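Step one of this worksheet: look at the structure below.
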Number of protein chains: 2
Amino acid sequence: MLAAAGELIEKQDVEGLTVRELARRAKVSHNAPYRHFPDRESVLAALAAEGFARLGKALEEAGKRDPMERGAAYVRFALEHPQRFRLMFGGVLRLDTHAGLREQASRAYEGLVRAFASLAEPRAAEITAAAAWSLVHGLAQLLLDGHFARATRGGRDNEAFVREVLSAVRLVARSAQPA
Amino acid sequence: MLAAAGELIEKQDVEGLTVRELARRAKVSHNAPYRHFPDRESVLAALAAEGFARLGKALEEAGKRDPMERGAAYVRFALEHPQRFRLMFGGVLRLDTHAGLREQASRAYEGLVRAFASLAEPRAAEITAAAAWSLVHGLAQLLLDGHFARATRGGRDNEAFVREVLSAVRLVARSAQPA
DNA sequence: ACCTGAACACCGTTCAAGT
DNA sequence: ACCTGAACACCGTTCAAGT
């Protein structure tokens with residue numbers, strides 16, 4: 001059932017995921033989904049939770065130590081699963097209204113934040129990590145929406161562009177002074 | 001009419017803006033809005049366009065030269081108009097399907113990008129600007145969704161936290177080497 | 001844990017006919 | 001540039017009664 005919802009969201013956008021369409025795909029009656037989820041929003045919350053778990057795994061598998069690899073993996077996840085990413089971070093869901101969702105989110109990017117923090121001096125670690133994560137997240141979001149013109153990317157493909165922008169993270173970490 | 005739509009979006013979320021509710025607020029019949037907009041999505045596109053114009057103005061009014069002030073203004077705009085910001089950057093609208101919208105978006109953040117670019121050496125300007133913009137944008141988005149725990153913010157209020165993270169932008173610019 | 005089938009209040013959108 | 005009023009296909013959600 002959740003798998004069917006997953007397929008739906010990959011093809012269509014979040015708004016296209018309706019309870020009734022979900023039932024059709026699963027070849028069950030229009031109200032059968034309510035045996036599994038109290039309402040539509042809970043379906044979305046479950047998909048978001050699944051997304052956070054996958055993002056967390058993708059980050060851990062990408063270069064055990066190298067923060068740059070993790071940053072690149074974060075952006076790659078967003079570009080490969082645009083609708084899922086949007087569901088997770090696009091404000092579609094208020095995280096606090098779904099039990100445990102916020103914790104799952106934290107766990108997902110905790111690996112990224114820790115990696116970034118390790119680049120900086122201990123006393124500057126938290127701000128550095130916050131800045132690095134912001135950079136990576138914003139980069140993903142702006143790329144998704146197509147806000148970087150070809151001119152800005154300068155003929156580079158996405159992957160190369162991402163790596164070049166990510167190099168800024170290293171600069172931040174190296175130069176960061178304890179507060 | 002557009003003003004009524006603006007009010008609606010401030011209070012409710014984007015999904016709560018329905019054509020019929022819009023008509024009710026404007027005290028016109030349920031199909032009167034179609035005299036002004038071809039469909040619901042065009043209403044959203046108009047609101048987004050208006051948002052880009054306001055963001056552009058806010059950026060220009062915030063410190064003519066100082067890129068840090070502009071960055072802070074960007075984040076402030078997002079936090080003060082969360083639903084509008086989400087409409088503009090949350091993937092609700094595909095920018096390319098609405099004539100001129102992408103151009104209006106570019107014009108809005110062009111002032112920010114130029115300010116950031118001026119911090120770096122000419123040959124590193126574009127990447128630096130892209131990194132800085134990504135950082136500011138990601139910071140706004142993550143703050144909006146409440147992803148920075150009190151622990152991370154370390155007791156700082158939002159404004160102070162933003163300024164501290166933004167200081168990373170200066171580090172990037174200062175250290176950036178031409179490609 | 002599903003089904004059928006009906007129902008309710010709500011959508012977006014499109015008519016026809018009127019001022 | 002609006003109106004009334006009807007209509008269509010679609011929602012989310014909730015029943016009642018059945019297997």
Side-chain angles (χ1 to χ4, degrees), chain A residues 1-51 82-84 86-101, chain B residues 1-51 82-84 86-101:
Chain A
M1 184 59 105
L2 194 123
E7 283 178 29
L8 250 182
I9 213 185
E10 299 287 328
K11 307 236 173 97
Q12 312 208 6
D13 48 5
V14 178
E15 287 74 19
L17 190 153
T18 76
V19 175
R20 291 175 108 111
E21 178 65 23
L22 177 56
R24 265 174 241 127
R25 299 283 174 124
K27 303 217 186 277
V28 295
S29 73
H30 68 277
N31 45 17
Y34 289 97
R35 299 283 139 193
H36 302 270
F37 304 98
D39 51 25
R40 177 177 179 272
E41 223 183 88
S42 300
V43 180
L44 298 181
L47 286 173
E50 193 190 44
Q83 294 303 326
R84 183 83 68 153
R86 180 157 111 72
L87 174 60
M88 292 157 61
F89 290 107
V92 182
L93 251 37
R94 273 160 300 290
L95 290 186
D96 296 309
T97 63
H98 296 276
L101 194 51
Chain B
M1 183 57 106
L2 194 122
E7 282 178 31
L8 250 182
I9 213 184
E10 299 288 327
K11 306 236 173 101
Q12 313 209 6
D13 50 2
V14 178
E15 288 73 20
L17 190 154
T18 76
V19 176
R20 290 175 109 113
E21 178 65 24
L22 177 57
R24 264 173 242 129
R25 298 283 174 124
K27 304 218 185 275
V28 295
S29 73
H30 67 278
N31 46 17
Y34 289 98
R35 299 282 140 192
H36 301 269
F37 303 99
D39 51 25
R40 176 176 179 273
E41 223 184 87
S42 299
V43 180
L44 298 181
L47 286 174
E50 194 190 42
Q83 293 304 326
R84 184 81 68 153
R86 180 157 110 73
L87 174 59
M88 293 157 63
F89 290 108
V92 182
L93 250 39
R94 273 160 300 289
L95 290 185
D96 296 309
T97 63
H98 297 275
L101 194 52

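The sequence lines fix the lettering, A, B, ..., with proteins before strands; numbering per chain opens at 1. Note: hydrogens, waters and symmetry copies are ignored here, and every other heavy atom, side chains too, is used. All of these numbers come straight from a predicted model, not from anything done at the bench.
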Presence of A/Y34 side-chain N/O under 4.0 Å of D/dG12 phosphate oxygens OP1/OP2
no

Report the nucleotide, chosen from C/dT14, C/dC2, D/dC11, that has the shortest atom-to-atom distance to any side-chain atom of B/H30.
C/dT14

State, yes or no, whether a side-chain contact exists between B/R94 and B/E41 at a heavy-atom distance under 4.5 Å.
yes

For A/V19 and for B/K27, find the nucleotide of DNA chain D with the closest heavy atom, then tell me which residue's nucleotide is more 5'.
B/K27

Scan every strand shown for a Watson-Crick or G-U wobble partner of D/dT14, both distances under 3.5 Å, and answer none if you come up empty.
C/dA6

For B/R35 and B/E41, take the nucleotide of DNA chain C holding the closest heavy atom to each; which residue's nucleotide lies nearer the 5' end?
B/E41

So how far is it from A/Q83 CD to A/L47 CG, rounded to the nearest 0.5 Å?
11.5 Å

Of the candidates C/dA7, C/dT4, C/dT13, the side chain of A/R20 sits closest to C/dA7

Phosphate OP1/OP2 of C/dG12: any B/R40 side-chain N/O under 4.0 Å
yes

Can you tell me how far C1' in D/dC11 sits from the matching atom in C/dC8, rounded to whole Å?
12 Å

Please check if the side chain of A/R24 supplies one atom and the backbone of A/S29 the other of a donor-acceptor pair under 3.5 Å.
no

Which value, rounded to the nearest 0.5 Å, describes the distance between B/R86 atom CZ and A/R86 atom CZ?
7.0 Å

Find the distance A/L22:CG to D/dT13:C1' and express it as a whole number of Å.
15 Å

Can you tell me the distance, in whole Å, between the CD atom of B/E15 and the C1' atom of D/dC11?
14 Å

Give B/N31 one of three labels, base, sugar-phosphate or nothing, depending on what nucleic acid heavy atoms sit under 4.0 Å from its own.
base

Nucleotide D/dC10, atom C1' - distance to CG of B/D39 in whole Å:
16 Å

For D/dA1, which nucleotide is its Watson-Crick or G-U wobble mate, given both distances must be under 3.5 Å?
C/dT19

Taking D/dG12, D/dC2, D/dC11 as options, the one with an atom nearest any side-chain atom of A/E21 is D/dC11

Taken to the nearest whole Å, CZ/B/F37 to P/D/dA1 is 13 Å

Under 4.0 Å from OP1 or OP2 of D/dC10: is there any side-chain N or O of A/R24 that close?
no

Whole-Å distance between C/dG12 P and B/L44 CG?
10 Å

Please find the pair of heavy atoms, one from A/H30 and one from A/A23, that lie closest to each other, and give the distance.
CA-CB, 3.8 Å

Which nucleotide wins on minimum distance to the side chain of A/S29, given the candidates C/dC2, C/dT4, D/dT13?
C/dT4

